[in-house]
Amino acid sequence: MNPARKVVSFTPREVVAELDRYIVGQKAAKRAVAIALRNRWRRQQVEGDLRDEITPKNILMIGPTGVGKTEIARRLAKLAQAPFVKVEASKFTEVGYVGRDVESMVRDLAEAAIALVREEARIAVRARADELAEDRLVELLHAGPRPPPSSPGPLGFAAPPPPQPPSLSQSEREKLRAQLRAGTLDDQDVELDLPEGQTTFLRNFSGQGMEEMGVNLQDLFKNLPGMNRTRRRKVRVPEALRLLAQQESERLVDEDTVTREAVQRAESSGIIFIDEIDKIASGQGHKGGPDVSREGVQRDILPIVEGSTVNTKYGQIKTDHVLFIAAGAFHVSKPSDLIPELQGRFPIRVELESLSGADLERILREPQNSLLRQYAALLATEGVRLSFAEDAIVELARIAQTVNDRSENIGARRLHTIMERLLDEVSFSASDLGAHVLTIDAAYVREKLSAVVQDEDLSRFIL
């Protein structure tokens with residue numbers, strides 16, 4: 001097994017502790033996904049034919065928007081270094097199937113797996129690629145500017161190529177390499193032959209459903225004459241080193257190995273998050289109109305969740321051991337409105353709690369990527385030092401809770417709109433302030449937001 005994937009052996013307690021660093025509350029949902037991740041590791045330890053019979057226990061998350069459903073699934077996939085895709089079930093609800101084919105979720109998973117494995121492979125060869133790029137750049141610096149390619153004369157004969165510069169001695173090579181690493185050559189220009197941008201005419205055909213074609217037309221046409229042309233560009237040494245390292249890493253990475261590993265990774269550890277699954281439930285017992293389409297979409301999703309084989313441009317992918325996490329608010333419909341077969345494929349049900357004012361306070365304070373830290377880091381790039389007093393955090397959470405109660409409850413997402421409104425003025429003028437310290441307290445928060453909050457009609461549009 002790839003050593004980089006050792007995190008999949010985390011215990012459920014360790015997974016919950018890691019999720020706690022980014023997501024406030026929702027203990028039941030965290031425990032459910034932690035157990036599901038650990039069961040994957042347990043399955044790998046089972047020997048014999050029984051291993052193939054053990055399938056993931058899919059999870060249905062029930063809760064309002066903005067309480068952390070998507071973030072829990074995304075963080076779990078990142079922790080497990082597993083391919084992850086999020087799809088909205090509502091994309092499949094249009095009558096007559098104007099939307100995407102349900103199998104596209106598996107094709108998206110294959111693309112995510114390819115990207116994940118390819119990046120891991122590039123990291124593994126980065127040191128060797130940097131070394132080879134240095135060698136090529138040293139040769140280019142020694143050779144100097146190259147004359148443009150000569151065009152054929154009137155009789156069809158091209159001019160002879162220019163004489164090659166004398167080869168580098170080892171001492172000269174090491175001297176240039178030392179200068180390169182010391183940065184003394186950073187201001188010099190180097191000429192590189194780089195591939196031209198990919199032809200984009202095929203993108204004009206990207207109508208509904210075209211992305212589901214099993215054959216990638218771009219791959220079909222890339223070997224035609226004229227499709228792999230190069231263009232000579234003059235770039236500075238640091239940029240040349242980066243471009244050459246990228247070319248070398250692409251040469252060192254074996255795409256066949258990447259594809260095989262990616263398919264295996266998608267099948268054994270892929271996670272598909274199906275959001276808004278309540279939108280395809282036939283609520284209130286209606287059986288006409290759009291509800292027919294909703295039930296049809298459920299029946300199309302069913303074999304994917306049960307375990308089937310889907311053709312992708314990287315080969316066939318079996319979904320038997322893909323973990324499916326579905327989520328929905330279920331305000332109008334209920335989980336029991338899903339067809340019985342689909343209900344049975346999500347045996348683990350967890351209900352996520354609505355966020356209280358205290359939860360919103362914790363969301364502002366505790367996560368490593370909290371909004372307060374994000375805004376402070378953004379404004380620090382302009383020299384503005386931003387700090388929040390404790391009473392300001394309490395007031396922000398109170399206002400967010402008030403607006404959620406008065407209008408649509410969008411959970412923690414309300415904090416984004418509140419913070420944008422609060423910092424609108426300083427964000428606009430930060431570049432003119434220079435070195436500046438701004439301490440935000442409760443009075444500042446009330447000054448900027450109270451007028452909007454008190455006007456309910458206005459707050460519905462602005463907050």
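Judged purely by atom type and a 3.5 angstrom limit, T319 uses its side chain to pair as donor or acceptor with the backbone of S308. For the pair D278 (side chain) and G328 (backbone), a donor-acceptor distance under 3.5 Å is absent. Looking at E276, its side chain never comes within 3.5 Å of a backbone N or O of A327 through a donor-acceptor pair. In this structure, T381 contributes its side chain and L378 its backbone to a donor-acceptor pair below 3.5 Å. A donor-acceptor pair is defined here as one N or O able to donate and one able to accept, closer than 3.5 Å; no such pair exists between the side chain of D391 and the backbone of D441. Side chain of N404 to backbone of I410: a donor-acceptor contact under 3.5 angstrom is found. Looking at K86, its side chain never comes within 3.5 Å of a backbone N or O of F84 through a donor-acceptor pair. E53 places no side-chain N or O within 3.5 Å of a backbone atom of D49 that could act as its donor or acceptor partner.
For the atom pair L415 CG and L396 CG, the distance stands at 8.0 Å (nearest 0.5 Å). In this structure, CZ on F428 lies 8.5 Å from CG on D424, to the nearest 0.5 angstrom. The distance from the CG atom of L79 to the CZ atom of R75 is 10.5 Å, given to the nearest 0.5 Å. For the atom pair L109 CG and I272 CD1, the distance stands at 5.0 Å (nearest 0.5 Å). Taking CD of E103 as the start and CD1 of I304 as the end, the distance is 5.0 Å to the nearest 0.5 Å. With values rounded to the nearest 0.5 angstrom, I277 atom CD1 is found 4.5 Å from F346 atom CZ.
By the 4.0 Å N-to-carboxylate-O rule, D337 lies close enough to K334 to be salt-bridged with it. Using a cut-off of 4.0 Å between Lys/Arg side-chain N and Asp/Glu carboxylate O, R345 and E341 are scored as not salt-bridged. Remark: D275 does not engage K69 in a salt bridge, criterion side-chain N to carboxylate O under 4.0 Å. Checked for salt-bridge contact, E248 and R122 miss the test: no charged N lies under 4.0 Å from a carboxylate O. By the 4.0 Å N-to-carboxylate-O rule, E47 lies too far from R51 to be salt-bridged with it. A salt bridge does not link R398 with E361: every distance from a Lys NZ or Arg NE/NH1/NH2 to an Asp or Glu carboxylate oxygen is 4.0 Å or more. Residues E425 and K448 are paired through a salt bridge, judged by an N-O separation under 4.0 Å between the basic side chain and the carboxylate.
Remark: S387 engages T439 in a side-chain contact (heavy atoms from CB on, under 4.5 Å) (not counting sequence neighbours). For R385, the side-chain contact (heavy atoms from CB on, under 4.5 Å) partners two or more places apart in sequence, or in a different chain, are V437. With sequence neighbours left out, E390 forms a salt bridge (charged side-chain N to carboxylate O under 4.0 Å, His left out) with R365. Checked against side-chain contact (heavy atoms from CB on, under 4.5 Å), T257 has the following partners two or more places apart in sequence or in another chain: D254, R260. Taking the salt bridge (charged side-chain N to carboxylate O under 4.0 Å, His left out) definition, one finds that D359 meets it with nothing, sequence neighbours left out.
No hydrogens or angles considered: nothing links the side chains of S370 and E366 as a donor-acceptor pair under 3.5 Å. In the model, H321 has a side-chain atom that pairs as donor or acceptor with a side-chain atom of R43 under 3.5 Å. Between the side chains of E382 and S431, not a single donor N or O lies within less than 3.5 Å of an accepting N or O. For the residue pair Y375/E420, the side-chain donor-acceptor check at 3.5 Å is satisfied. In summary, the side chains of R413 and T65 do present a donor paired with an acceptor at a separation below 3.5 Å, with no hydrogens or angles considered.
With contacts defined as side-chain heavy-atom distances shorter than 4.5 Å, the pair V67/E353 does not qualify. With a 4.5 Å cut-off on side-chain heavy atoms, F330 and E351 do not count as touching. No side-chain heavy atom of I348 sits under 4.5 Å from any side-chain heavy atom of N58. In this structure the side chain of R38 never reaches within 4.5 angstrom of the side chain of F10, judged on heavy atoms.
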Notebook entry, point to check: Should M61 and Q26 be marked as a side chain to side chain contact (heavy atoms under 4.5 Å, CB included) after you check the CA-CA gap, both sets of side-chain angles, and the distance that decides it?
Noted result: CA-CA 11 Å; M61 293 184 180; Q26 314 302 354; over 6 Å; no
Check: Between V253 and V258, is a side chain to side chain contact (heavy atoms under 4.5 Å, CB included) present by the stated rule, with each step listed?
Finding: CA-CA 8 Å; V253 171; V258 167; 3.5 Å; yes
Checklist line | Derivation of the side-chain hydrogen bond (donor to acceptor under 3.5 Å, both in side chains) call for Q264 and S268 | finding: CA-CA 6 Å; Q264 189 274 333; S268 63; 3.2 Å; yes
Checklist line | V305 vs V322, side chain to side chain contact (heavy atoms under 4.5 Å, CB included): CA-CA, chis, key distance, verdict | finding: CA-CA 8 Å; V305 179; V322 173; over 6 Å; no
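Other residues, nucleotides and ligands contribute only 12 or fewer heavy atoms inside 6.0 Å of the CZ atom of R13. Within a 6.0 Å sphere centred on CD of E250, other residues, nucleotides and ligands contribute more than 12 heavy atoms.
Scanning all heavy atoms of the two residues, the minimum distance from P83 to A113 falls at CG-CB, 3.6 Å. The two residues I339 and Q298 have their closest heavy-atom pair at N-OE1, 2.8 Å.
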Distance-only donor-acceptor pairs under 3.5 Å for side chains of residues 14-25, two or more places apart:
residue : atom : partner : partner atom : Å
E14     : OE1  : T11     : N            : 2.9
E14     : OE1  : T11     : OG1          : 3.4
E18     : OE1  : R21     : NH1          : 3.0
E18     : OE2  : R21     : NH1          : 2.8
D20     : OD1  : K27     : NZ           : 3.4
D20     : OD1  : K30     : NZ           : 2.5
D20     : OD2  : K27     : NZ           : 3.1
R21     : NH2  : Q368    : OE1          : 2.8
Y22     : OH   : Q368    : OE1          : 3.4

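Of the residues E261, E255, E111, the one that meets the salt bridge (Lys or Arg N to Asp or Glu O under 4.0 Å) test with R118 is E255.
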